[in-house]
Amino acid sequence: MPQTKHPPLLLSSLTLAGLPPRAADAHKGDFGHVLVIGGDLGTGGAVLLSSEAALRCGAGLVSVATRAEHVAAGLARLPEVMWQGVSSANQLLGPLARATVLVVGPGLGQAAWGRSLLSAVTHAHLPQVWDADALNLLAAAPLALPSGSILTPHPGEAARLLGISTEAVQADRPGAARKLARRYASVCVLKGAGTLVADPAGQLAQCGRGHPAMAGAGLGDVLTGVLAALLAQGLDAWQAACLGVWLHACAGERLGVKGRGLAASDLVPVIRALLEEHSACQV
């Protein structure tokens, strides 16, 4: 069995960073602007889940750049979010100029539309959370990620990024997480039972919370939105990843006692409540 140098830090409420209380005169501009990029035809729900999670976890502003076909439905579900239909990388320039944190990949797809948007994102010097097809495109054409970014692969995506089998990733999850963090100079969240968080310096943390009811579609999209909101409010990539993973897993655990049929959107209000328990908005 492969061994790592040091045992991982076990995530708990005592080992996690928190968000500071908000000043009485706080305003939305104090808490960042998350831009969620993705949602090709047929996968618009992914950006909706990410943007809702970012909004409910305290980001000051949230925008979505997606297919024009999804804008009306998005506005109907989340009128607090700014929705923009984009058909090319050039149309991303305006939203990118206003953002402070990016979510890249939910529902992005690997066709020409997604590749075009990703090409614009790689030139944006902003903290970014990469997931889903952004990771698959990264595996096909390696790119440099901006400082302070987070990768959130599941084992299959991690295998593609490392050029090894999924079985090899699972056989040494700590080694795979650390290798990805070093390779991309970013914090890596290796999802799965016992989610791991690794940074480029070799620091490693493990989450022992969660529930098998979380094995369903869209939960990763929620996680990306949570991570982006925490980055937008001032946590660094390591702090945001550790806190976001723990909140997400604890919410799944709390809801999992009800059994099968857990929907990704069910997590959002529970994560919001858990975040308030951990880091009160006002004291």
Side-chain angles (χ1 to χ4, degrees), residues 2 4-6 8-9 34-38 50 89 96 99-106 108-110 114-166 168-192 194-207 220-221 223-228 230-232 235-245 248:
T4 55
K5 295 178 182 178
H6 306 289
L9 172 73
V34 173
L35 172 61
V36 181
I37 301 167
S50 291
L96 286 172
T100 59
V101 176
L102 306 182
V103 170
V104 190
L108 184 69
Q110 299 181 56
R115 294 197 305 272
S116 172
L117 300 192
L118 193 65
S119 68
V121 164
T122 58
H123 295 99
H125 299 292
L126 301 169
Q128 304 183 13
V129 184
W130 282 39
D131 188 30
D133 277 322
L135 299 177
N136 292 323
L137 291 170
L138 181 63
L143 301 163
L145 273 70
S147 175
S149 293
I150 303 174
L151 305 178
T152 64
H154 60 55
E157 291 160 347
R160 287 187 282 278
L161 288 165
L162 292 171
I164 60 177
S165 68
T166 303
V169 169
Q170 293 294 74
D172 183 12
R173 286 173 55 84
R178 282 180 163 133
K179 188 176 293 185
L180 283 169
R182 288 194 304 269
R183 178 170 296 183
Y184 293 101
S186 300
V187 169
C188 175
V189 173
L190 180 55
K191 296 183 289 194
T195 292
L196 294 169
V197 182
D199 75 0
Q203 189 173 203
L204 188 71
Q206 184 171 23
C207 184
D221 301 319
L223 177 61
T224 61
V226 175
L227 299 178
L230 297 176
L231 287 172
L235 295 189
D236 65 31
W238 171 261
Q239 294 169 333
C242 290
L243 178 56
V245 162
H248 185 262

So do the side chains of Leu137 and Trp130 get within less than 4.5 Å of each other, counting heavy atoms only? no

Donor-acceptor contact below 3.5 Å, side chain Thr100 vs main chain Ala232: no

Please identify each residue that fulfils side chain to side chain donor-acceptor pair (under 3.5 Å) with Asn136, with sequence neighbours left out. Asp133, Arg160

For residues 141-150, dump all side-chain donor-acceptor pairs below 3.5 Å to protein atoms at least two apart in sequence or in another chain.
unit_1, atom_1, unit_2, atom_2, d
Ser149, OG, Gln128, N, 3.2
Ser149, OG, Pro146, O, 2.8

In short, salt bridge (charged side-chain N to carboxylate O under 4.0 Å, His left out) pairs touching residues 136-153 with sequence neighbours left out are none

Evaluate the side-chain proximity of Leu96 to Ile37: yes if any heavy-atom separation is below 4.5 Å, no if none is. yes

Validation row: Lys179, Cys188 side chains within 4.5 angstrom (heavy atoms): no

About how many Å separate CG of Asp199 and CD of Gln239, when rounded to the nearest 0.5 Å? 11.5 Å

Decide yes or no for Arg178 and Leu204: does some side-chain heavy atom of the first lie under 4.5 Å from some side-chain heavy atom of the second? yes

Pairs touching residues 140-159 that satisfy salt bridge (charged side-chain N to carboxylate O under 4.0 Å, His left out), sequence neighbours left out: none

Could you work out, with side chain to side chain donor-acceptor pair (under 3.5 Å) as the rule, every residue matching Asp131, not counting sequence neighbours? Thr152, Lys191

For Ala134 and Val104, which heavy atoms make the closest approach, and how far apart are they? CB-O, 3.4 Å

Of all heavy-atom pairs linking Leu227 and Ala241, the shortest is CD2-CA, 3.7 Å

What's the spacing between Leu190 CG and Leu196 CG if we round to 0.5 Å? 5.5 Å

According to salt bridge (charged side-chain N to carboxylate O under 4.0 Å, His left out), does anything in residues 136-152 pair up with another residue at least two apart or in another chain? List the pairs. none

Looking only at heavy atoms, which two atoms of Leu243 and Leu235 are closest? And how far apart? CD2-CD1, 3.9 Å

Provide the closest heavy-atom pair for Val245 versus Cys207 in the form atom of the first, atom of the second, distance. CG1-CB, 3.7 Å

What is the minimum heavy-atom distance between Leu35 and Ala99, and which atoms define it? CB-CB, 3.7 Å

Heavy-atom closest pair (Leu161 atom, Ala139 atom, distance to 0.1 Å) is CD2-N, 3.7 Å

